[in-house]
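Just so we're on the same page: letters track the sequence lines, and every chain starts at 1. The analysis underlying the following values was restricted to heavy atoms, covering all of them including side chains, and did not include hydrogens, waters or symmetry mates.
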Amino acid sequence: MKSCVGSTWCRYGVQDSVGMSLVLENRYKGLRSPHKLKFAVSGCTRECAEAQSKDVGVIATDKGWNLYVCGNGGMRPRHAELFATDLDDKTLIRYIDRFLMFYIRTADKLQRTSVWRESLEGGLEYLKEVIIDDSLGLAEELEAQMQHVVDTYECEWANALQDPEKLKRFRTFVNDERGDPDIHFVKERGQRRPARASELHLIPVTEEAL
Amino acid sequence: MSQANAVRMSSAQLAPQPGPWQVLCSRDDLVANSGVVAWFDGAQVALFYLPETEQGEQVFAIENRDPKSGANVIGRGIVGRIKDEYVIAAPLYKQHFSLEDGRCLEDSEQYLRVWSARLNGDLVEIAA
């Protein structure tokens, strides 16, 4: 999730992009999907958050939000396409719920939204029919599935820290307190980092024979 | 299969009675269908606990160092089964090692040391 500073801190901002990005981040965090998902919310048409290069891009208008989908940066850049305009907060989230769940249910393993969209028969118009006009009668189901994911979210790190069984897997040796004696560190820019194989001769013999 | 592996296998057949058994850790330290690592007299031993095999519950003890990457990560690999044989997939390059004899299924140059291991009540025992 990327956001510009929005109307709270910017004289150009027409909506609170930081607030909306927090809502979206918290709603979709932990979501399992065919590939990574990138989001951005820009607070005005100057587009400082570069939302048109994201899987889900939201750009503020003076009437609400414009939704862009299936953008990509990286090696094969693709501009996101304008999907719906001047949405209120509730409709924006409903469309994103439906869009993401439809993608998750139909995309191939490791297929980003941009490639999925290009392989989609009927293209953007078909996607609009399914998500906005509910041509397949799926909208309610997709929203319910997303709501279930949101309602059952838990932080897996916090969960592991509270569970002695899971913590067992984070010990180097189950029967000894020592760390892995074959891992060595060197200093770089005042910080430590793991040594490369070519640097191992620099490590004092006393330290090596731990 | 390389000469080295053939020798390893025949020596294992010549010594069907391993021992003496030494206590390594407790049953509670194991994670079912996955690996943990134990320190055994200067060696790093990856222990894989399979509670439901045809032979009942089994513990395999295999060298923790991945010869291809040089990192001590075999104990973090994923257990699988290839052609009726339990294997461990090395986490970095995904090559498979037999849990029975430590040979690499893709590369006859690579092999891992294996130890005899067993569950004795609540204890995990190993024989050098």
Heavy-atom pair count under 4.5 Å with chain A, highest-scoring of B/L47, B/L30, B/V45, B/D28: B/D28
Tell me, yes or no, whether the heavy-atom count around A/K2 atom NZ, taken from other residues, nucleotides or ligands under 6.0 Å, exceeds 12. yes
Among A/R169, A/K168, A/R171, exactly one meets salt bridge (charged side-chain N to carboxylate O under 4.0 Å, His left out) together with B/D29. Which residue is that? A/R171
Is the number of heavy atoms from other residues, nucleotides or ligands under 6.0 Å of A/E156 CD greater than 12? no
Do A/N175 side-chain atoms and B/A38 backbone N/O form a donor-acceptor pair below 3.5 Å? no
Got more than 12 heavy atoms from elsewhere within 6.0 Å of CZ, A/R98? yes
Thinking salt bridges, do A/D182 and B/R65 make one under a 4.0 Å N-O criterion? no
Is the shortest heavy-atom distance from the side chain of A/D180 to the side chain of B/Q44 under 4.5 Å? yes
More than 12 heavy atoms of other residues, nucleotides or ligands under 6.0 Å from CZ of B/R27: is that the case? yes
Please check if the number of heavy atoms outside B/Q55 that lie under 6.0 Å from its CD is greater than 12. yes
Between the CG atom in B/N72 and the OG1 atom in A/T172, the distance rounded to the nearest 0.5 Å is 10.0 Å
